[in-house]
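FYI, the numbering just counts along the sequence from 1.
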Amino acid sequence: MSSPAENTQLASHLFDELLGSIIMDVSSECHRIARLGLDRNLDDEEEELRLSAQARARVADPSNSETNSKYVVDIFGQTHPPVATEIFDCMNCGRAIVAGRFAPHLEKCMGKGRKARVKSTRSSTAAAAHNR
């Protein structure tokens, strides 16, 4: 019979062989696809990388007035306002809130979240009066 140490060594060797075989298969298949030009998404990825490089160059250029303008350019070259300016009505209090401030407003307005104010309710007021 074989010892547990021999079994462990044999299992480790088998695992190394399987892992090496899998890595070799995947890498050779990727190489073949790239070499023959069979990857159809390659053009999309190259375009995305090119747009990303252009956006980084625009942001890094201190003479570019676009970075100091009202809108922010993302890595795909699209412009977005720095804060969302769409207006929504609060479902709790009915106030008109700018979209960029809607989540913080809801935290305070609904009394949930870390910045919420503790609302005084009848039960908490009665408990405070009873404790005096």
Side-chain angles (χ1 to χ4, degrees):
M1 293 192 76
S2 59
S3 68
E6 289 176 352
N7 287 341
T8 304
Q9 187 177 14
L10 184 61
S12 176
H13 180 70
L14 181 63
F15 177 75
D16 288 341
E17 288 293 321
L18 284 173
L19 184 62
S21 175
I22 291 170
I23 290 172
M24 186 58 78
D25 287 346
V26 170
S27 62
S28 64
E29 184 66 20
C30 289
H31 176 73
R32 185 183 74 79
I33 288 170
R35 185 79 172 167
L36 296 175
L38 300 174
D39 188 9
R40 297 181 189 209
N41 294 331
L42 193 59
D43 294 334
D44 295 339
E45 291 174 9
E46 287 175 353
E47 177 70 15
E48 188 174 310
L49 288 172
R50 185 183 64 75
L51 288 172
S52 175
Q54 285 177 350
R56 278 195 302 270
R58 261 186 270 154
V59 170
D61 185 12
S63 65
N64 188 1
S65 64
E66 194 173 306
T67 58
N68 298 327
S69 70
K70 183 179 176 183
Y71 294 99
V72 177
V73 178
D74 66 7
I75 63 168
F76 301 109
Q78 298 172 342
T79 57
H80 302 283
V83 175
T85 55
E86 205 170 334
I87 296 177
F88 294 97
D89 292 327
C90 176
M91 67 229 18
N92 194 35
C93 68
R95 288 180 46 198
I97 308 295
V98 178
R101 299 291 309 152
F102 192 68
H105 168 78
L106 275 182
E107 280 185 353
K108 292 178 185 174
C109 184
M110 298 182 82
K112 307 252 188 228
R114 50 190 175 110
K115 292 186 177 181
R117 294 186 182 127
V118 178
K119 292 184 179 179
S120 63
T121 60
R122 286 184 187 168
S123 60
S124 63
T125 308
H130 181 58
N131 290 337
R132 287 184 188 173

With sequence neighbours left out, what residues match N7 under side-chain hydrogen bond (donor to acceptor under 3.5 Å, both in side chains)?
S2

Mind checking what makes side-chain hydrogen bond (donor to acceptor under 3.5 Å, both in side chains) contact with R35, not counting sequence neighbours?
none

Inter-residue atom distance [X].[atom1] - [Y].[atom2], 0.5 Å rounding:
X    : Y    : atom1 : atom2 : result
T8   : E6   : OG1   : CD    : 10.0 Å
H105 : K108 : NE2   : NZ    : 9.5 Å
E29  : M24  : CD    : CE    : 13.5 Å
I22  : E17  : CD1   : CD    : 11.5 Å

Side-chain heavy atoms nearer than 4.5 Å, only ILVMFWY residues, links allowed to pass through others: does that put I23 and F15 together?
yes

According to a 4.5 Å side-chain heavy-atom criterion applied to Ile, Leu, Val, Met, Phe, Trp and Tyr, with indirect links allowed, do L14 and L10 form part of one hydrophobic cluster?
no

To check you understand the geometry: which heavy-atom pair defines the closest contact between D89 and F102, and what is its length?
O-CE1, 4.1 Å

Side chains of Q9 and S12, heavy atoms from C-beta outward: is any pair under 4.5 Å?
no

